[in-house]
Amino acid sequence: MKAYEAREASIQAQFDIAMKEIEEAVYLGVNRACVCEGTLLYRETAEMLANEGYDVKLTMEKKGEKTYVQNIVSWQFAAKGREGRIEEP
């Protein structure tokens, strides 16, 4: 497998995992979810989610030796025809 093929497969895998986690959050009746915890989403994955109408906030915070990553996806402001927004660190 070439590197670009691995990247494309990783992007699709992140999107699939994020959508599964979103579905679980919807089932619980909430309006946002932290997806793919522990790894920063690829820009392409965030764009795919935004194209589906989700707002995506990517955060990275360094505390001492550790870096904490969160990918928060929200559908609180979703409306028909509205594209989501992306906030990056």
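Computed over heavy atoms, backbone and side chain alike; hydrogens, waters and symmetry mates excluded.
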- Query: Can you list the residues that meet the salt bridge (charged side-chain N to carboxylate O under 4.0 Å, His left out) rule with E5, with sequence neighbours excluded?
  - Reply: none

- Query: Regarding Q12 and D16, is there a side-chain donor-to-acceptor distance under 3.5 Å anywhere?
  - Reply: yes

- Task: Just grab all the salt bridge (Lys or Arg N to Asp or Glu O under 4.0 Å) pairs involving residues 65-74, residues at least two apart or on different chains.
- Result: none

- Message: Suppose we screen for side chain to side chain donor-acceptor pair (under 3.5 Å). Which residues come up paired with N31, at least two apart in sequence or across chains?
- Response: none

- Is any side-chain heavy atom of E44 closer than 4.5 Å to a side-chain heavy atom of Q14? no

Extract all donor-acceptor atom pairs below 3.5 Å that involve side chains of residues 19-27 and protein atoms in other chains or at least two apart in sequence.
| from | atom 1 | to | atom 2 | distance (Å) |
| --- | --- | --- | --- | --- |
| E21 | OE1 | C36 | N | 2.8 |

- Do V69 and T39 come close enough that some side-chain heavy atom pair is under 4.5 Å? no

- Give a yes or no answer on whether the side chain of S10 reaches the backbone of A6 with a donor-acceptor pair at less than 3.5 Å. yes

- Message: Counting only heavy atoms from other residues, nucleotides and ligands, does the tally under 6.0 Å from NZ of K62 exceed 12?
- Response: yes

- Task: Walk me through it: do V56 and I72 pass the test side-chain contact (heavy atoms from CB on, under 4.5 Å)?
- Result: CA-CA 6 Å; V56 182; I72 301 170; over 6 Å; no

- Task: Would you name the heavy atoms of T59 and L40 that are closest together and state the gap between them?
- Result: O-CD1, 4.3 Å

- Is the closest side-chain heavy-atom distance between V35 and I17 below 4.5 Å? no

- Query: When rounded to the nearest 0.5 angstrom, what is the spacing between CD in E47 and CD in E52?
  - Reply: 13.0 Å

- Can you list every pair that meets side chain to side chain donor-acceptor pair (under 3.5 Å) and has a residue in residues 67-89, with sequence neighbours left out? R43-E88, D55-R82

- Kindly determine whether V73 and K57 satisfy side-chain contact (heavy atoms from CB on, under 4.5 Å), including the steps that lead there. CA-CA 6 Å; V73 177; K57 183 176 182 180; over 6 Å; no

- Task: Report the residues that fulfil salt bridge (charged side-chain N to carboxylate O under 4.0 Å, His left out) with K2, sequence neighbours left out, ordered by chain and then residue number.
- Result: none

